[in-house]
K.L.:
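Mind looking over this structure? Questions follow.
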Amino acid sequence: MNRILKLMMMSTFTGALMASCSSQKIQYPAAPTDDSVVDEYFGTKVADKYRPLENDTAPATLEWVKAENALTEEYLSKIPYRDKIRERLTQLNNFKKTGLPSKHKDGKYYFYENDGLQNQSVLYRTDSLGGTPEVFLDPNTLSDDGTVALQGLSFSNNGKYAAYIISRNGSDWNEIYVMDAKTKELLPDHIEWAKFTDASWDGDGFYYSAYPRPEKGKEYSNANENHQIYYHKMGTPQSEDKLVYEDKDHPLHFHSAYVPESEDMLFVIGAGEGLGNSIIVKDLKGGKGWTVMEPSQDYEMNIMDVADGKIYILTNWNAPKNRLMVADVKAPQRENWKELIPEGKGVMTGAQLAGDKLIVSFEQDASDHAYVYDRDGKMIREMEFPTFGSVGISSDKDHNEVYYALTSFTYPSTRFSYDLATGESKEIGSPEINGVNMDDYVTEQVFYPSADGTKIPMFITYKKGLEKNGKNPVYLYGYGGFNVSLPPGFSANRMLWLENGGIYAQANLRGGSEYGEPWHLAGTKMNKMNVFNDFIGAAEYLVNEGWTSPEHLAIVGGSNGGLLVGATVNLRPDLFKVAIPEVGVMDMMRYHLFTIGWNWASDYGTSADSKEMADYLLSYSPLHNIKNDGTPYPAILVTTADHDDRVVPAHSFKYAATLQASDTGDAPKLIRIDSKAGHGGGKPMKKVIDEYTDVYSFIFNNLGMQPK
């Protein structure tokens with residue numbers, strides 16, 4: 001596609017023309033329409049004239065996509081520093097990225113590493129840390145363009161096999177392949193149409209989750225129903241795999257399998273209807289049927305591990321900030337669970353066995369903390385980290401080796417070994433970013449009031465010496481949903497913004513998990529407006545405190561964050577200069593009808609639930625609330641991708657077409673539609689750099705910035 005678009009770029013443009021491209025009236029392509037489409041929700045009629053764009057494989061839609069991409073490329077090609085931005089982003093990303101080591105039963109250490117600009121990270125193994133590693137699996141060899149991504153890998157407990165899970169072109173659909181773990185030989189076993197799954201081993205075979213083969217031509221848009229669990233025996237075709245579990249009475253539930261190393265129990269975790277998950281378990285050795293551990297999906301119930309006859313469970317049952325429980329494998333029902341580590345001040349986010357100890361992680365004010373406990377639940381000490389941020393920990397119950405990686409906004413992911421006996425940390429690897437001195441930057445955390453007075457935390461990162469003159473460019477990011485937290489983390493791409501005098505602000509909105517389930521619920525269903533008010537409050541705080549002004553403020557968010565951006569632009573178009581809704585949920589009346597959209601009902605509610613819910617969704621749905629009365633909107637660049645089967649591109653298609661047809665001023669309203677890409681996971685490095693190049697070029701241009 002890019003080769004075709006480049007042929008359309010016929011001339012070189014000057015800086016003067018570039019500066020005017022954001023104010024010129026743009027002629028947008030005509031989208032396919034159907035004025036007869038009108039839906040009725042409890043007596044309220046809602047037109048949907050761009051319904052034809054939901055058919056992403058129709059010739060008219062494909063022509064519109066082609067024309068929109070050509071228009072966007074034409075616009076971006078006029079920005080004279082676009083190539084310089086790509087060059088600098090390439091430099092910033094060109095550093096070695098090494099993951100945490102994990103020690104396996106074969107005595108070898110496995111870790112991922114990217115030499116800098118590889119499209120996908122490579123899995124290595126070595127006999128000893130610091131020794132010469134060998135390539136175990138290189139996903140870059142699985143495609144010519146890096147669009148095959150490794151989604152997961154699991155070793156059989158007998159050490160013979162390694163099952164690896166891939167996705168193609170960013171889709172959520174998975175395929176499973178198996179290697180001989182010793183020789184690395186690819187075996188004939190191959191699983192298709194798996195989704196949201198691991199490979200959980202039991203002997204010479206594994207359990208996996210899959211949907212029935214989808215209708216041809218509708219693989220990336222039709223609703224997914226009847227998630228099933230199968231057992232695959234090595235050396236047999238997929239057609240002979242044994243159906244182990246399904247729930248025909250609840251076709252919209254997810255089901256995942258988990259087998260502990262002892263291979264004596266099969267847990268099935270069900271989700272998709274409530275705010276949590278159910279658990280049933282089967283004795284694989286004694287021949288007994290299913291035992292219900294938790295029948296409802298009212299609470300989160302996460303099995304952390306099974307050891308010494310105990311099941312370790314992290315749950316928010318009667319503990320909004322979570323607690324750690326244990327269950328006897330012989331009496332696993334919830335009424336028999338015992339509390340091991342109670343709910344604390346912070347939100348308990350994880351627990352893992354480390355030798356004969358437990359490491360328990362907490363999140364407090366959106367930053368990670370970790371503590372070492374004995375297995376009786378007695379706290380030994382806090383793990384001391386060199387700075388606040390996000391922490392990932394690698395440990396195992398079979399040995400005492402512990403490793404962790406720490407990252408923050410100006411602290412690239414740095415690896416440490418941790419001594420369980422003494423509590424001492426030792427750095428074992430840190431990256432260097434080309435041309436960046438991290439000491440030049442600082443992060444502070446503030447707490448600002450939302451519309452109802454609730455204090456919302458926000459991180460603000462900027463270059464030291466920056467003055468609060470009301471003219472600093474700000475990149476404000478948020479999400480606010482699905483119990484997802486936004487902790488500190490490093491981004492090489494973000495350094496381009498910071499080194500050019502930009503401020504990066506990250507707001508921890510309600511709807512996330514930063515303060516437990518009450519914080520989450522305060523941003524769901526009939527409380528969703530709180531999330532938008534929290535985001536608007538962040539922008540108002542930045543303006544009122546002198547950090548910036550609306551003329552210098554860009555807002556960005558992806559997926560549920562794309563909904564956030566679209567909704568807040570409609571509510572306060574005067575507050576922002578630029579908006580980037582990425583792969584957003586933009587049609588709140590019909591989102592539940594595509595792929596796994598129905599799974600989001602626990603956060604959103606649906607238009608079919610009740611008149612009250614339908615009216616509430618309609619009141620903020622980004623697609624349905626675009627003004628058409630001359631109200632000036634910020635410059636908007638919508639992003640999506642042709643293989644996004646999580647938030648289908650129809651959301652962005654219909655939203656962009658409506659924007660372009662509405663009277664919202666002359667600022668550009670463009671859409672960037674990536675090819676051979678999905679919702680974002682596993683995206684090759686080249687595509688990541690290309691997308692950030694275009695997003696930053698659009699933001700810089702419309703904020704009137706001249707990057708160095």
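In this text, all values refer to a predicted model and were calculated from it rather than measured experimentally. For the single chain, residues carry numbers from 1 onward in sequence order.
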K.L.:
Apply side chain to side chain donor-acceptor pair (under 3.5 Å) to S430 and T414, showing your working.
P.N.:
CA-CA 5 Å; S430 61; T414 301; 4.9 Å; no

K.L.:
Assess whether a salt bridge exists between R168 and E175, defined as any Lys/Arg side-chain N lying under 4.0 Å from an Asp/Glu carboxylate O.
P.N.:
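Judged by the 4.0 Å cut-off on N to carboxylate O distance, R168 and E175 do form a salt bridge.
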
K.L.:
What I want to check is whether the side chains of N174 and S167 have a donor and an acceptor closer together than 3.5 Å.
P.N.:
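Their side chains do not contain a donor-acceptor pair, so the 3.5 Å distance test is not met.
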
K.L.:
Is a donor from one side chain sitting under 3.5 angstrom from an acceptor on the other, for E68 and Q660?
P.N.:
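There is such a pair between these side chains.
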
K.L.:
Tell me whether K78 forms a cation-pi arrangement with Y75, defined as NZ or CZ under 6.0 Å from the six-membered ring centre and within 45 degrees of its axis.
P.N.:
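The answer is no; the distance or angle limit is not met.
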
K.L.:
Determine, step by step, whether D642 and S675 satisfy the side chain to side chain donor-acceptor pair (under 3.5 Å) criterion, reporting the C-alpha distance in whole Å, the side-chain angles of both residues, the deciding distance to 0.1 Å, and the verdict.
P.N.:
CA-CA 5 Å; D642 60 357; S675 63; 5.0 Å; no

K.L.:
Excluding sequence neighbours, so at least two apart, what forms salt bridge (Lys or Arg N to Asp or Glu O under 4.0 Å) with E499?
P.N.:
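Partners of E499 under the salt bridge (Lys or Arg N to Asp or Glu O under 4.0 Å) test: R88.
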
K.L.:
For the side chain of D666 and the backbone of K25, is there at least one donor-acceptor N/O pair under 3.5 Å apart?
P.N.:
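No; zero donor-acceptor contacts below 3.5 Å.
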
K.L.:
For the residue pair Y475 and Y504, does the interplanar ring angle fall in the parallel (under 30°), tilted (30 to 60°) or perpendicular (over 60°) class?
P.N.:
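Rings of Y475 and Y504: tilted, as their planes differ by 30° to 60°.
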
K.L.:
What residues form a side chain to side chain contact (heavy atoms under 4.5 Å, CB included) with N570, not counting sequence neighbours?
P.N.:
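Partners of N570 under the side chain to side chain contact (heavy atoms under 4.5 Å, CB included) test: P622, N625, I626, Y633.
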
K.L.:
Counting only N and O atoms by type, is there a donor-acceptor contact under 3.5 Å from the side chain of K464 to the main-chain atoms of D439?
P.N.:
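It does hold such a pair.
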
K.L.:
Within the 3.5 Å criterion, strictly below it, is a donor on D34 or Y50 matched to an acceptor on the partner's side chain?
P.N.:
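Checked: D34/Y50 side chains show no N/O donor-acceptor pair below 3.5 Å.
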
K.L.:
Going through the distances and angles, do S450 and D534 end up as a side chain to side chain donor-acceptor pair (under 3.5 Å)?
P.N.:
CA-CA 5 Å; S450 187; D534 291 354; 2.5 Å; yes

K.L.:
Does this structure show an ion pair linking K676 with D145, if we count only N-O contacts that are shorter than 4.0 Å?
P.N.:
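Between D145 and K676 there is a salt bridge, with a charged N closer than 4.0 Å to a carboxylate O.
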
K.L.:
Do T410 side-chain atoms and V442 backbone N/O form a donor-acceptor pair below 3.5 Å?
P.N.:
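No, because the side chain of T410 does not come within donor-acceptor range (under 3.5 Å) of the backbone of V442.
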
K.L.:
Between D629 and K627, is there a side-chain N and carboxylate O pair less than 4.0 Å apart?
P.N.:
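Looking at D629 and K627, the cut-off is not met.
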
K.L.:
So, for W547 and Y541, is the gap between ring centers shorter than 6.0 Å?
P.N.:
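Judged by ring-centre distance (under 6.0 Å), W547 and Y541 do not meet the cut-off.
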
K.L.:
Drop me the distance from N500's CG to L703's CG, to the nearest 0.5 angstrom.
P.N.:
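N500 CG to L703 CG: 12.0 Å, rounded to 0.5 Å.
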
K.L.:
Classify the ring geometry of Y604 against Y591: parallel below 30°, tilted from 30° to 60°, perpendicular beyond 60°.
P.N.:
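Perpendicular, since the angle between the ring planes exceeds 60°.
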
K.L.:
So do M438 and M495 actually touch side chain to side chain, heavy atoms under 4.5 Å?
P.N.:
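Contact flag for M495/M438 side chains = yes.
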
K.L.:
More than 12 non-hydrogen atoms from neighbouring residues, nucleotides or ligands closer than 6.0 Å to CD on E444, yes or no?
P.N.:
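Above 12, so yes.
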
K.L.:
Using the benzene-type ring in the case of Trp, are the ring centres of Y462 and F409 under 6.0 Å apart?
P.N.:
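Judged by ring-centre distance (under 6.0 Å), Y462 and F409 do not meet the cut-off.
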
K.L.:
Please test H651 against T640 for side chain to side chain donor-acceptor pair (under 3.5 Å), starting from the C-alpha separation and ending with a verdict.
P.N.:
CA-CA 9 Å; H651 283 278; T640 187; over 6 Å; no

K.L.:
So, E691 and K683, do they make that salt bridge, N to O below 4.0 Å?
P.N.:
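A salt bridge is present here (some side-chain N lies under 4.0 Å from a carboxylate O).
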
K.L.:
May I ask you to check whether Y112 and Y124 place their ring centers less than 6.0 Å from one another?
P.N.:
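Ring centres of Y124 and Y112 not closer than 6.0 Å.
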
K.L.:
Between R672 and D694, does at least one N-O distance fall below 4.0 Å, as a salt bridge requires?
P.N.:
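D694 and R672: salt-bridged.
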
K.L.:
Can you give me the closest heavy-atom contact between I79 and S697, atom names plus distance?
P.N.:
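The pair with the smallest heavy-atom distance is CD1-O, 3.5 Å.
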
K.L.:
Regarding D48 and K654, does a basic nitrogen lie under 4.0 Å from an acidic carboxylate oxygen?
P.N.:
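Looking at D48 and K654, the cut-off is met.
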
K.L.:
Looking only at the side chains, is there a donor atom on one of N508 and E514 sitting less than 3.5 Å from an acceptor on the other?
P.N.:
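Yes, side-chain donor-acceptor contact under 3.5 Å.
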
K.L.:
Do P431 and S413 touch side chain to side chain, with heavy atoms closer than 4.5 Å?
P.N.:
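No. Closest side-chain heavy atoms not under 4.5 Å.
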
K.L.:
Quick check against the 3.5 Å criterion: does D587 have a side-chain atom that pairs as donor or acceptor with the backbone of M589?
P.N.:
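Pair found, side chain donor or acceptor close to backbone of M589.
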
K.L.:
Do the charged groups of R646 and D172 touch, with an N to O distance under 4.0 Å?
P.N.:
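Looking at D172 together with R646, the answer is yes, because their closest N to O distance falls below 4.0 Å.
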
K.L.:
Indicate the ring-plane relationship of F482 and Y479, choosing parallel, tilted or perpendicular according to the 30° and 60° boundaries.
P.N.:
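Ring orientation of F482 relative to Y479: tilted.
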
K.L.:
Looking at every non-hydrogen atom in both residues, tell me the closest pair between S559 and V647 and how far apart they are.
P.N.:
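Shortest heavy-atom contact: OG-CG2, 3.9 Å.
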
K.L.:
Would you call R51-E54 a salt bridge at under 4.0 Å N-O?
P.N.:
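Yes, this pair counts.
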
K.L.:
Judged by atom type as modelled, is there a donor-acceptor pair below 3.5 Å linking the side chain of Q506 to the main-chain atoms of Y477?
P.N.:
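Between the backbone of Y477 and the side chain of Q506 there is no qualifying donor-acceptor contact (under 3.5 Å).
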
K.L.:
Taking the basic N atoms (NZ, or NE/NH1/NH2) and the acidic carboxylate oxygens, is any pair closer than 4.0 Å for D115 and K96?
P.N.:
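Looking at K96 together with D115, the answer is no, because their closest N to O distance does not fall below 4.0 Å.
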
K.L.:
For the pair T658 (side chain) and L623 (backbone), establish whether a donor and an acceptor sit closer than 3.5 Å, ignoring hydrogens and angles.
P.N.:
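No, the answer is negative, given that no donor and acceptor are paired below the 3.5 Å cut-off.
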
K.L.:
Are the charged groups of E73 and R82 less than 4.0 angstrom apart, N to O?
P.N.:
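Between R82 and E73 there is a salt bridge, with a charged N closer than 4.0 Å to a carboxylate O.
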
